[in-house]
Amino acid sequence: MKSIAALPAVTAAAPFDGEPSDAELDAIEVEMPAILADVVLLDAQIMTIDRTPSELDHQRIRRARRRVLAARRDLANRTAPASGATVSGGAA
């Protein structure tokens with residue numbers, strides 16, 4: 001019977017120090033409006049889990065969904081030109 005031994009990983013990457021890099025922090029900062037909009041939507045949905053939603057709850061959820069969509073649109077519009085992709089055409 002052969003025994004299986006753990007071999008040390010051989011990598012050329014820098015050791016992980018447990019902290020995010022500056023580029024990762026910048027990416028989080030760019031995405032923060034979308035993240036916060038998702039949190040607001042989840043809060044609005046969680047409030048209605050154990051009860052029948054009122055009209056005010058429906059309005060709050062709709063408003064939060066619109067905020068999420070707007071934040072994601074803004075994020076997509078901000079990152080699309082940087083990716084180098086060219087969008088042609090469009091609605092006239």
Side-chain angles (χ1 to χ4, degrees):
M1 175 186 252
K2 294 181 181 180
S3 63
I4 300 173
L7 298 175
V10 179
T11 61
F16 179 67
D17 64 355
E19 297 294 324
S21 67
D22 289 339
E24 291 170 331
L25 290 173
D26 291 340
I28 292 170
E29 187 68 30
V30 168
E31 294 177 8
M32 190 55 69
I35 294 169
L36 294 176
D38 284 330
V39 169
V40 170
L41 176 59
L42 284 172
D43 285 343
Q45 291 171 334
I46 288 170
M47 288 175 33
T48 62
I49 285 177
D50 60 346
R51 62 184 168 91
T52 304
S54 67
E55 183 58 33
L56 181 62
D57 293 327
H58 287 295
Q59 289 175 1
R60 185 177 293 124
I61 291 170
R62 281 193 304 267
R63 189 177 314 119
R65 283 185 182 145
R66 286 192 303 265
R67 183 176 172 192
V68 167
L69 291 174
R72 290 181 184 171
R73 179 200 61 218
D74 293 343
L75 182 61
N77 287 341
R78 175 181 292 180
T79 58
S83 66
T86 304
V87 178
S88 62

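We count residues from 1, following the sequence as given.
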Does atom CD of Glu29 have more than 12 heavy-atom neighbours, drawn from other residues, nucleotides or ligands, at distances under 6.0 Å? no

Could you check whether any side-chain N or O of Asp43 sits under 3.5 Å from a backbone N or O of Val40, counting only pairs where one atom can act as donor and the other as acceptor? no

Interatomic distance, CD1@Ile49 vs CD@Gln45, rounded to 0.5 Å, equals 8.5 Å

Check whether any side-chain heavy atom of Ile61 sits under 4.5 Å from a side-chain heavy atom of Arg65, and report yes or no.
yes

Next on the checklist: Within the 4.5 Å heavy-atom criterion, are Val68 and Arg72 side-chain neighbours or not?
Outcome noted: yes

Nearest heavy-atom contact between Val30 and Pro33 is O-CD, 3.4 Å

Beyond-backbone contact of Glu19 with Leu25, side-chain heavy atoms, under 4.5 angstrom: no

In short, Met47 meets Arg51 closest at the heavy-atom pair O-NE, 3.2 Å

Minimal heavy-atom distance between Ala71 and Ala34, with the atoms involved, is CB-CA, 3.7 Å

Worked verdict on Arg67 versus Leu41 for side-chain contact (heavy atoms from CB on, under 4.5 Å):
CA-CA 8 Å; Arg67 183 176 172 192; Leu41 176 59; over 6 Å; no

From the list Gln59, Arg60, Glu55, side-chain contact (heavy atoms from CB on, under 4.5 Å) with Asp57 holds only for Arg60

